[in-house]
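Just the heavy atoms: all of them, side chains too, but no hydrogens, waters or symmetry mates, feed the values below. To find a chain, count down the sequence lines: A is the first, B the second, and so on, and within it residues start at 1.
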2 protein chains.
Amino acid sequence: MSTSSPATIEDVARIAQVSIATVSRAIHTPEKVANSTRLKVNQAIAITGYTTNAMARSLRLGRSNMILVVAPDIGDPNFSNILVGLENEARAHGYGILIGHTQNDPQRGLEYLKFLNSNQAAGLILFTGILPFGHQSMTARLPPSVGVFEPVYNGGIPYVGVDDIEGARKAVDLLIAEGHRKIAFIGDSRTRLAYSRRRQGYDAGLDAAGVPAGERIILEGDGTIESGRLALEQLFMRDTLPSAFMCVNDQTAIGVMIGLGARGYDIPTDFSVTGFDDVPQASFMTPALTTIRQPRTAIGKSAMALLFELLSDSEPTDTEILLRPDLIVRNSVSAPSRRFQKR
Amino acid sequence: MSTSSPATIEDVARIAQVSIATVSRAIHTPEKVANSTRLKVNQAIAITGYTTNAMARSLRLGRSNMILVVAPDIGDPNFSNILVGLENEARAHGYGILIGHTQNDPQRGLEYLKFLNSNQAAGLILFTGILPFGHQSMTARLPPSVGVFEPVYNGGIPYVGVDDIEGARKAVDLLIAEGHRKIAFIGDSRTRLAYSRRRQGYDAGLDAAGVPAGERIILEGDGTIESGRLALEQLFMRDTLPSAFMCVNDQTAIGVMIGLGARGYDIPTDFSVTGFDDVPQASFMTPALTTIRQPRTAIGKSAMALLFELLSDSEPTDTEILLRPDLIVRNSVSAPSRRFQKR
DNA sequence: CTGAAAGCGCTAACAT
DNA sequence: ATGTTAGCGCTTTCAG
């Protein structure tokens with residue numbers, strides 16, 4: 001393929017008739033080089049098409065200018081916009097980003113750990129606890145890292161996410177305001193902090209509305225479309241149905257909506273549904289889903305900014321940054337059907 | 001963060017009481033090392049938690065064991081499963097993969113080119129023409145590369161995709177078999193080869209069915225949901241409507257379905273719709289979308305396998321690998337409504 | 001302002 | 001079977 005091997009700093013030096021040290025300086029500290037020499041060097045660079053060999057540079061420096069972003073699932077509709085925020089901020093600092101994909105496979109996680117271990121990345125952005133942190137010895141020498149969405153491990157890794165409690169609270173409050181009291185929470189989970197926080201918001205809202213704990217319906221779920229559909233089926237086997245479904249995320253809500261549709265119910269006439277995240281699909285559903293929007297680009301930007309703070313200061317300024325989620329009102333919520341109003 | 005700097009080969013050598021060369025050999029060519037020494041080395045490695053510094057190794061070797069995958073849009077629902085195929089195959093060869101994200105920004109593309117230029121990746125997987133190939137000098141020294149979905153550039157970069165013509169043909173043929181003759185093709189494009197090939201399949205099918213070119217309705221589109229919706233609006237401004245919409249991909253089909261739903265039409269009673277790709281969402285639509293499935297994992301696997309062929313042989317075996325797409329019949333197609341049957 | 005030279009961690013001859 | 005050593009391309013003292 002390659003016609004010739006890439007130009008090295010030496011090629012440039014030869015052509016510019018200077019030493020390699022001068023070339024290096026001309027690139028990194030141009031002010032320390034005479035104007036005329038700088039010119040010659042630049043020309044030589046142009047001629048050769050030289051780019052510094054990042055391997056060699058990083059080996060020498062002991063650090064790279066790449067940030068590794070490790071995510072369990074690239075396909076997650078929540079991921080892609082965060083990435084944009086992450087990327088833009090990284091570029092602003094002269095860093096590039098690389099994406100690692102674990103599919104929740106610890107083995108994969110380990111490989112990225114090795115990658116980090118050899119200084120191939122200067123920092124790490126972590127989505128929801130994916131690293132095999134059991135691995136004692138390695139944990140110690142993680143580069144500066146920040147988590148997204150949820151705190152990672154017990155350790156001192158700061159994170160940025162959204163205020164899940166507040167977001168969930170906004171959703172319940174809307175439902176309550178519309179007149180609902182029998183509101184099911186779909187997608188509770190003890191393993192995902194974000195989910196249990198949303199559950200907290202739900203409880204807080206019902207507490208405030210004076211709905212006794214006994215009237216609350218809670219179903220577990222892992223946040224997939226399937227889990228939403230499944231939870232719905234379980235619910236229909238019980239005798240008491242809610243008038244509204246508050247779902248832990250949009251995927252779950254979509255599952256619920258599909259299930260409801262399959263049973264011939266109309267949303268929001270028969271049942272109201274809310275989601276959380278505002279994934280692209282939410283607005284394309286019929287009816288369009290009322291949900292809580294995550295400021296994704298902003299989350300990405302903050303997370304990366306925080307990482308750069310860590311990279312320069314040794315002092316971690318904030319240990320937790322929570323952004324404000326917004327309620328997006330669309331068409332999946334209305335007053336409860338007569339059936340429920342009678343009670 | 002890091003308690004100490006990572007262990008080097010020298011640390012291991014010291015502890016094992018051997019030379020660094022022996023350590024290197026014990027790792028890479030264990031059969032050339034005495035059993036007893038190998039044991040000592042392995043213990044030392046365990047103690048220190050040593051991992052070879054990939055930077056140094058690659059610098060020395062002049063190549064890395066990472067494959068760069070560059071995609072214009074990570075969020076593309078088509079992307080994520082391909083990635084899985086890519087990853088699995090890469091791992092089987094002892095390689096890791098890194099994902100680059102261009103957002104169709106040439107500047108971004110350039111950065112990845114630099115990355116490649118410094119041997120940070122041994123090979124390249126390219127999704128639909130994203131590199132700034134205008135850049136003369138760099139083009140020449142691309143590492144072994146393979147494209148996915150569509151051929152890249154003019155050059156000799158082989159690619160693997162799906163037989164778009166055959167796939168599209170399966171979709172038209174179904175529509176024809178159901179009795180449709182007035183079939184609109186939504187999403188024609190001169191810039192995307194895959195799309196124009198699907199158009200070819202459409203034309204071939206109608207030719208075979210004896211539908212004159214004059215009765216065909218072709219609308220442009222870039223494959224987004226919006227483009228589908230838009231095309232539909234244009235169509236409703238004309239006097240003749242088709243009985244079926246054959247969409248260039250699922251996203252477009254979803255846009256068409258949304259538009260049709262908004263106008264109060266029922267699918268498939270009033271209009272039939274087909275897509276292409278079989279993205280996850282397709283099965284969740286109401287009605288579930290009849291579409292053409294791309295064997296995504298297989299595509300990923302083949303692409304990576306082809307890349308490794310390139311990496312070893314210098315002979316490029318195949319220059320184009322086309323996988324067979326399957327028709328997935330769901331509920332968005334039926335016989336044309338009476339309105340059309342009258343003709 | 002510029003050059004010479006050491007050395008980052010590793011592998012692969014080349015010795016022994 | 002094992003050790004010694006050159007050198008991958010680069011940055012950075014240290015001299016001049």
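- Summary of the strand contacts: B/N35 and A/H28 both lie near DNA chain D, and taking for each the nucleotide with the nearest heavy atom, the more 5' one is attributed to B/N35.
- Taking atom CZ on B/R63 and atom C1' on D/dG9, their separation rounds to 17 Å, with Å as the unit.
- B/I27 places its CD1 atom 15 Å from the P atom of D/dT2, with the value rounded to the nearest Å.
- When distances run from any side-chain atom of B/R25 to the nucleotides D/dG3, D/dA1, C/dG3, the shortest one goes to D/dG3.
- A straight line from OH of B/Y50 to P of C/dC10 spans 3 Å, rounded to a whole angstrom.
- The nucleotide whose nearest atom lies closest to any side-chain atom of A/A34 is, among D/dA1, C/dT2, D/dG9, C/dT2.
- Comparing C/dA4, D/dG9, D/dG3 by their nearest atom to the side chain of A/S19 picks out C/dA4.
- The shortest distance between the side-chain N/O atoms of B/T37 and the OP1/OP2 oxygens of D/dT2 is below 4.0 Å.
- The separation between B/L59 atom CG and C/dA12 atom C1' is 14 Å, rounded to whole Å.
- The number of heavy-atom neighbours closer than 6.0 Å to NZ of A/K301, taken from other residues, nucleotides and ligands shown, is 12 or below.
- In this structure, A/E10 atom CD and D/dC8 atom P are separated by 8 Å, rounded to whole Å.
- In this structure, CD1 of A/I9 is placed 8 Å from C1' of D/dG9, rounded to the nearest angstrom.
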Q) What do the steps show when you test A/F127 against A/F79 for ring pair (Phe, Tyr, Trp, His ring centres under 6.0 Å), and what is the final call? A) CA-CA 9 Å; A/F127 280 72; A/F79 181 70; 5.1 Å; yes
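- In this structure, of C/dC10, D/dC10, C/dG3, it is C/dG3 that holds the atom nearest to the side chain of A/A21.
- Summarising the geometry, atom CG belonging to A/N53 is positioned 9.0 Å from atom CE belonging to B/M55; distances are rounded to the nearest 0.5 Å.
- Side chains of B/F308 and B/M304 form a contact here, defined as non-hydrogen atoms less than 4.5 Å apart.
- Comparing atom distances between the A/L61 side chain and each of D/dT12, C/dT2, D/dT2 picks out D/dT12 as nearest.
- Sorted pairs that involve residues 52-71 of chain A and meet ring pair (Phe, Tyr, Trp, His ring centres under 6.0 Å), not counting sequence neighbours, are lacking altogether.
- Distance, B/N53 CG to C/dG7 P: 18 Å, rounded to whole Å.
- Annotation: of the two residues near DNA chain D, A/T22 and B/R38, the 5′-most nearest-nucleotide partner is B/R38.
- Nearest to the side-chain atoms of B/V18 among the listed nucleotides C/dC10, C/dG3, D/dG3 stands D/dG3.
- As judged by a 4.0 angstrom heavy-atom cut-off over every strand, B/T52 is placed among residues touching the sugar-phosphate backbone only.
- The distance between atom CE of B/M55 and atom C1' of C/dG7, rounded to the nearest whole Å, is 16 Å.
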